[in-house]
2 protein chains.
Amino acid sequence: MPPGLKDVAARAGVSIKTVSNVVNGYVHVAPATRARVQAAIEALGYVPNIAARQLRSGRSGVIALAVPELQSPYFAEIAGLIVQAAERRSWTVLIDQTDGQAERERNLVAGLRRHAIDGLIFSPLALAGEELALRDGTPMVLLGERVWHGPADHVAIDNTAAAADATRHLTSLGRRRIAAIGVQDRPSAVTAHQRLAGYRTALTEAGLPLDPTLEMPVDGFHRADGAEAMARLLDAEEPPDAVFCFNDLLALGAIRTLVSRGIPVPGRVAVVGFDDIEDGRFSTPTLSTIAPDAPRIAQLAVDLLAERLGDGPAAAGAPRELRVDHRLIVRESTGG
Amino acid sequence: MPPGLKDVAARAGVSIKTVSNVVNGYVHVAPATRARVQAAIEALGYVPNIAARQLRSGRSGVIALAVPELQSPYFAEIAGLIVQAAERRSWTVLIDQTDGQAERERNLVAGLRRHAIDGLIFSPLALAGEELALRDGTPMVLLGERVWHGPADHVAIDNTAAAADATRHLTSLGRRRIAAIGVQDRPSAVTAHQRLAGYRTALTEAGLPLDPTLEMPVDGFHRADGAEAMARLLDAEEPPDAVFCFNDLLALGAIRTLVSRGIPVPGRVAVVGFDDIEDGRFSTPTLSTIAPDAPRIAQLAVDLLAERLGDGPAAAGAPRELRVDHRLIVRESTGG
DNA sequence: GATGGACTATACAACGTTGCAGTACTTAAG
DNA sequence: CTTAAGTACTGCAACGTTGTATAGTCCATC
């Protein structure tokens, strides 16, 4: 129904291939011919059929982004930034939500996705290690620290260092009993492991003992999990005087519990989060946190994919790991 | 490079079309043949090429979702829910961010999008009325109240009634000087107009005067806008004793300003928001708000699109407008 | 023991595009 | 004046899939 090259060609009185050449900016087309074709294109409102183009060329101009869930502000922000970065390359982004389920992530990676995509940006939650190996050769960029050595690029901040920075901030305030909220046992919960490691490092540096009862496990990384973990901490014999939460949602949940029990923040308990989501900038109290350079993460992820997709020599290089800066932002929840 | 029907056919010793029939679940295939083909499919790891399928059938299995911005929790939530609902129909969702720019929205609607999509779910911000007419016949579902009468379905809550409910809640608490934050002049800011109308209705019902100085305009619907508008209200001669904010982000921003000036919420000023984003359930104080039935909005939007895309008789019916329920949730910010 | 119907399988064309090969003409170089 | 190189354009095949048309086989029915 919509016009094709054929229709444009007929109207302009040239061959199909010439129209194709004009559309693709082929140089050896006489100006007069080009103008005539352009006019026909305008007149008919011709738009290239990308299905056909993809069938021929193998490229779809679509990349997939797989995140655990869009409802989580941090992932929503990253997703938004990636869509913007992709747009600058005139790529479209197709979004998958894995809900952190191993099965879903596996399907995704196994290439069971029914849609042809040129590349994949993936923020794995349930999967780690070799399970992440893409069956088909689709280029993949992983968001998160490198935990295996397959053929995929990585973009991440230094989680361990960042967690240590956050914890160090608490020790430097003179807090002695510092809890961690966000511990996860699963071997694939790499991010949680790294942040826990950083937390322990900073405590040890400060000459503080490691107390297992202060390392609170959680099911997920949502506000409710943080609120619940904080409640458990407060019900224990010796409550903490500071908490490092592995993300801002946990922190906001924890603060909610503290405030609702009338415990002043940061008066009695100081709280640091991780991610610098917008909520933390307007919450009461405002939230001290680790701010990853999210726009840069998004840009780098897209750039890396572009390199792999390009025809240049860089296309087949060894997997790279790119570090993105982070910084500690001190706000009210630690007395900033 | 990846195997096609041809390869499977060769391996199974049947014709290409028979493999196609097996893949598509055509009934008249001998069990033995079917088994042989299935085995070949497994062995080769065959996956249908949707580009080719689309070229043949015209259907891509992809729908587009256009939202102003994913960073906004409400839109992120809606997006997540729509992706889930679409998944149940094995559709994939392609996401566009318009940033509320008229130009971007126009392009989108004009079909300039380079990718073939079966349908569009669109949450317009800058555009209204006839400008929304889709050039090509792609089915479209609009999120938001019906503001024109072109061929598109609508899914929305009753904004005016909901805004009146929120405001009525404040009057019922005995508040007399109730401000509104979120007014927008632009004729296309339909949602803002409707919520303002509801606000005025409720005030009038309660026998309260309409005071233009209490109707605060904003540039956007973000926390910063709410914080800034609240500051202006507090700096005025006669500050309000309650505020109805046109969304939760504005409300959270407003609360931030109040708290940072030491004004008790809801003690001196009560605040109601709109959208019921998760932040409001854990903020300090927790936020009273209007909760639209977001899962239902998402489900209905996808269902309506499915109807239009179906071959059934409903495919070409008159445009429909579906109302979704909302309810007032009373929390701490109004003394709940 | 013909006739018709259900079943199984196949061949071919077409969807809209682009890569490749090729033609015809023009200009520059030897 | 021949040859080579460049320019402007065209035609054909192919990407992987599915709809239509068709043909053969087998069985039940009249």
Side-chain angles (χ1 to χ4, degrees), chain A residues 1-38 40-41 44-62 111 113-118 136-137 311, chain B residues 1-41 44-62 90 111 113-118 136-137 311:
Chain A
M1 192 70 99
L5 287 180
K6 195 169 44 176
D7 308 288
V8 178
R11 187 178 233 268
V14 295
S15 77
I16 289 183
K17 192 65 228 274
T18 298
V19 180
S20 169
N21 286 338
V22 170
V23 171
N24 293 350
Y26 181 66
V27 267
H28 297 309
V29 177
T33 315
R34 183 181 301 276
R36 206 145 30 93
V37 171
Q38 287 290 12
I41 288 178
L44 296 174
Y46 167 77
V47 179
N49 177 325
I50 58 106
R53 183 175 281 180
Q54 176 185 355
L55 183 58
R56 247 336 298 231
S57 66
R59 283 283 165 77
S60 63
V62 176
R113 142 162 290 312
R114 293 164 43 82
H115 293 283
I117 53 170
D118 294 344
D136 55 1
D311 312 299
Chain B
M1 192 66 102
L5 287 180
K6 193 169 44 179
D7 307 288
V8 178
R11 187 177 230 267
V14 296
S15 77
I16 289 184
K17 192 64 226 274
T18 299
V19 181
S20 169
N21 286 339
V22 170
V23 171
N24 294 356
Y26 181 65
V27 267
H28 297 310
V29 177
T33 314
R34 182 182 301 275
R36 208 144 31 90
V37 171
Q38 287 288 12
I41 288 178
L44 296 175
Y46 167 78
V47 179
N49 177 324
I50 56 107
R53 188 174 279 183
Q54 177 186 354
L55 183 58
R56 249 327 308 221
S57 66
R59 283 283 165 80
S60 63
V62 175
S90 51
R113 139 160 296 311
R114 293 164 45 82
H115 293 282
I117 53 171
D118 294 346
D136 55 2
D311 311 300

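Just so it is clear: chains get the letters A, B, ... in the order the sequence lines come, proteins before strands, and each one is counted from 1.
- Here C/dA14 presents its C1' atom at 13 Å from NZ of B/Lys17, a figure rounded to the nearest Å.
- By the 4.5 Å heavy-atom criterion applied to side chains, A/Tyr26 and A/Thr18 are not counted as neighbours.
- Applying the 4.0 Å criterion to OP1 and OP2 of C/dA9, one finds that B/Ser15 has every side-chain N and O outside that range.
- When rounded to the nearest whole Å, the span between OH of B/Tyr26 and C1' of C/dT10 equals 12 Å.
- When each of A/Ala52 and B/Arg36 is assigned the nucleotide of DNA chain C with its nearest heavy atom, B/Arg36 is the one assigned upstream, toward the 5' end.
- OP1 or OP2 of C/dA9 lies within a sub-4.0 Å distance of a side-chain N or O belonging to B/Thr33.
- Within the 4.0 Å cut-off from OP1 or OP2 of D/dT18, not a single side-chain nitrogen or oxygen of B/Ser57 is found.
- Listed pair B/Thr18 / C/dA9 fails the phosphate criterion, with no side-chain N or O lying under 4.0 Å from OP1 or OP2.
- Between the base of D/dG16 and the side chain of B/Lys6 there is no donor-acceptor pair shorter than 3.5 Å.
- At a threshold of 4.5 Å between non-hydrogen side-chain atoms, the residues B/Arg53 and B/Asn24 count as touching.
- In this model, the phosphate group of C/dT18 is approached by a side-chain N or O of A/Asn24 to a distance below 4.0 Å at OP1 or OP2.
- A/Arg53 contributes no side-chain N or O that forms a donor-acceptor pair with the base of C/dT17 under 3.5 Å.
- Between atom CG of residue B/Asp7 and atom CD1 of residue B/Ile41 there is a gap of 11.5 Å, rounded to the nearest 0.5 Å.
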